[in-house]
Amino acid sequence: MSVKEEIIKVRDNVWEIPSSYKSQMRVPGRLYLDDNGFENLDEGSIEQVANVACLPGIQKYSIGLPDIHFGYGFTIGGVGATSTRNGVISPGGVGFDINCGVKMIRTNLTQDDIKPQIKELTETLFKNIPSGVGSKGKFHLKENQVDDVLKYGAEWAVDQDFGWDDDLKFLEENGRILDADPSLVSDKAKRRGIPQLGSLGSGNHFLEVQKIDEIYNEEAAKVFGLTPGTITVMIHTGSRGCGHQVCSDYLRLMDKAYKKYEVNIPDRQLACAPVDSKEAQNYLKAMFAAANYAWANRQIMTHWVRESFESVFKKSADEMGMTSIYDVAHNIAKVETHQIKKFKQELIVHRKGATRAFGPGRIEVPKDYRSIGQPVLIPGTMGTSSYILHGTDLAMEETFGSTAHGAGRILSRSTAKKQFKPEEIQKDMSNKGIELKANTMPVIAEEAPGAYKNVDSVVKTSDKLGIAKLVAKISPLAVTKG
Amino acid sequence: MIVNNDKYNKFKIPYELFDVTADIGFLAYGNTLNEAFENAGLAMFNIISKTDYVESIVSKKIEVFSEDYVSLLYDYLEELLFLHEVEYLLFSEFNLNIEKINGSDENNYKLSGTVKGEKIDWDNKHVRGSEVKAITFHMMEVKCDKICKVRAILDL
């Protein structure tokens with residue numbers, strides 16, 4: 001019998017994997033997908049959502065979001081919330097790229113303003129923001145400075161004059177999780193982090209100059225300061241080798257810990273430890289430190305983006321209105337309070353390939369945006385649109401205040417290289433008026449839009465469901481890729 | 001410049017890459033476990049770059065202790081990745097020795113040896129491949145029958 005026959009359609013776009021599906025399941029699984037998405041969903045992902053539902057202390061549902069796809073242990077596009085009283089913490093529920101995320105900056109420039117110099121701008125950005133395999137930042141951190149980066153995150157960056165004080169108001173956690181503890185980050189992770197601070201990396205990471213193309217909700221757009229037709233910049237990157245190493249270190253540790261604490265899990269890659277154990281607490285504080293590194297990383301690049309605009313357009317960043325819209329983390333676990341039935345509960349919310357989508361009124365949302373809910377930034381793929389949505393009350397009720405994070409690969413890199421010619425992709429982009437600059441030709445084929453799920457449908461499903469509502473569509477004008 | 005390395009011509013195929021949707025996997029072979037691990041290193045640096053263009057100029061000693069062969073493979077590949085990122089090196093030659101020792105329960109297996117390569121020069125000499133974020137435990141396997149075979153998936 002197909003696994004899918006056991007799944008119940010709860011209502012439009014909501015599917016339930018009953019807890020009877022697997023004997024170890026403690027809660028049901030929930031999939032937030034349209035009919036087409038459900039039909040195309042692979043059984044491996046369903047199995048992984050069911051496996052996460054087996055974690056001790058998991059609350060309500062193990063969740064698969066509209067961009068769900070197969071990951072290592074946990075799916076990508078998934079949320080697992082465990083109780084801080086009797087739950088577990090798992091590094092696999094965050095993934096290797098701790099605090100991979102997206103930052104957006106607004107400007108008061110229009111497409112006409114930048115058009116004559118778009119080539120120069122693209123080249124300048126490409127030069128000023130290092131990218132590609134083995135990319136190093138332009139400055140060399142001293143060994144004792146990396147602890148400050150891990151502890152203070154974006155605050156450190158602003159203190160070092162990478163950006164403006166006001167930037168910190170418009171970052172999740174204000175760019176710094178206070179409970180981070182650099183002493184729990186290994187020397188190896190720090191040493192990987194030192195040369196890479198201020199670099200984009202490769203793969204799906206990118207930097208994009210964009211235009212606000214369409215507004216779906218005028219009131220929300222006004223609150224978020226989004227003016228139709230103006231230029232924005234999007235930065236998509238994470239904690240680089242530092243975060244990857246923190247994840248690796250603690251995966252190894254948890255592999256021992258789950259046996260020690262006799263945690264019964266259906267897949268070794270869900271290795272975890274009870275929330276109050278030393279192993280889990282140490283991971284949490286090290287992971288927070290890596291998250292701070294990522295916020296510092298995106299903050300430094302924000303500064304270089306402003307400098308690049310200043311050098312091309314010969315105006316100050318201030319004059320060009322280059323303020324921060326917001327910055328979201330889409331690979332992270334956080335301690336959050338959520339209402340479950342009648343009670344407020346403290347939870348560890350693991351979001352792997354999921355964006356927080358807190359609704360109106362939540363204290364975590366910047367004051368200026370609190371009436372609407374937080375901005376949810378969903379990046380597209382190379383050459384396709386990105387979206388800004390806002391968080392909702394429904395997301396708070398259904399998905400622990402979470403929604404999708406992007407497109408998700410459907411073709412492997414080698415299949416993409418066989419199917420797409422980089423020259424044709426380049427031509428296609430240039431026909432659409434998009435500047436493209438990448439380190440290598442193969443990366444252009446690997447990252448072809450056709451290698452990814454359609455982000456439009458991911459976003460539409462989120463919007464239809466109401467676990468984030470559309471505010472604006474953003475179209476690319478120039479992309480730089482690793 | 002293409003470096004010919006006789007060592008890896010002994011095998012018809014020292015390693016094979018296989019597809020994983022978001023990432024990449026490899027199977028590396030050898031007549032002995034040492035050779036299979038050496039070819040695993042070769043596979044990884046052919047994902048990051050092309051080892052044909054990497055000369056053996058810099059030599060690094062490595063030593064890894066783990067509780068079993070699978071963990072040893074994980075820790076070894078991770079060590080290579082660490083050296084690559086931190087010292088900004090690419091490797092193309094691997095000489096390893098794996099042995100079972102009487103350590104503590106957690107460290108019964110030892111890998112030691114030398115890896116050779118050179119400083120990265122993306123602009124003039126080396127081919128840019130994919131950035132490896134991490135080694136995963138997914139489907140990781142170390143098996144010796146007639147020949148030895150190791151499998152790993154790298155997170156890109």
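We name chains A, B, ... by the order of the sequence lines, and we start the count at 1 in each one.
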With a 4.5 angstrom heavy-atom cut-off, which part of A:S239 approaches chain B: side chain, backbone, both or neither?
-> neither
Top contributor to chain B interface from A:G71, A:G201, A:S248 [non-hydrogen pairs under 4.5 Å] | A:S248
Side chains of A:K256 and B:E67: closer than 4.5 Å at any heavy-atom pair?
-> yes
Check the pair A:D255, B:Y74 against side chain to side chain contact (heavy atoms under 4.5 Å, CB included), reporting the backbone distance first and the verdict last.
-> CA-CA 13 Å; A:D255 198 49; B:Y74 184 93; over 6 Å; no
Given side chains that start at C-beta, do those of A:D97 and B:K133 come closer than 4.5 Å, heavy atoms only?
-> yes
So, the part of B:D75 with a heavy atom under 4.5 Å from chain A: the answer is side chain
Do B:V132 and A:H244 come within less than 4.5 Å of each other through their side chains, counting heavy atoms only?
-> no
On a heavy-atom basis, the closest approach of B:E131 and A:G132 is OE2-O, 3.7 Å
Can you tell me how far the CD1 atom of A:I76 sits from the OG1 atom of B:T21, to the nearest 0.5 Å?
-> 9.5 Å
Nearest heavy-atom neighbours spanning B:D155 and A:F96 | OD2-CD1, 3.2 Å
What's the shortest heavy-atom distance between B:L154 and A:Y72, and which atoms?
-> O-OH, 4.5 Å
In short, A:R191 meets B:V86 closest at the heavy-atom pair O-CG2, 3.5 Å
May I ask you to test the A:S202-B:R128 pair for a side-chain heavy-atom distance under 4.5 Å?
-> no
Okay, A:P442 and chain B: the region with an atom under 4.5 Å from a heavy atom over there is neither
Stepwise salt bridge (Lys or Arg N to Asp or Glu O under 4.0 Å) test for A:K188 and B:E85 | CA-CA 10 Å; A:K188 252 184 154 173; B:E85 279 192 13; over 6 Å; no
Value rounded to 0.5 Å, distance of CG in B:L81 from CZ in A:R192 | 4.5 Å
Drop me the distance from B:H138's NE2 to A:R268's CZ, to the nearest 0.5 angstrom.
-> 13.0 Å
Which region of B:L156, side chain (C-beta onward) or backbone (N, CA, C, O), has a non-hydrogen atom less than 4.5 Å from a non-hydrogen atom of chain A, or is it both or neither?
-> both
Provide the closest heavy-atom pair for B:S130 versus A:R413 in the form atom of the first, atom of the second, distance.
-> OG-CD, 4.5 Å
Out of A:R252, A:Q196, A:Q245, which one racks up the most heavy-atom pairs below 4.5 Å with chain B?
-> A:R252
For B:K119, does the NZ atom sit with more than 12 other heavy atoms under 6.0 Å from it, leaving out its own atoms?
-> yes
For B:I24, is it the side chain, the backbone, both, or neither that has a heavy atom closer than 4.5 Å to a heavy atom of chain A?
-> neither
Are any of the side-chain heavy atoms of A:F70 and B:V20 separated by less than 4.5 Å?
-> no
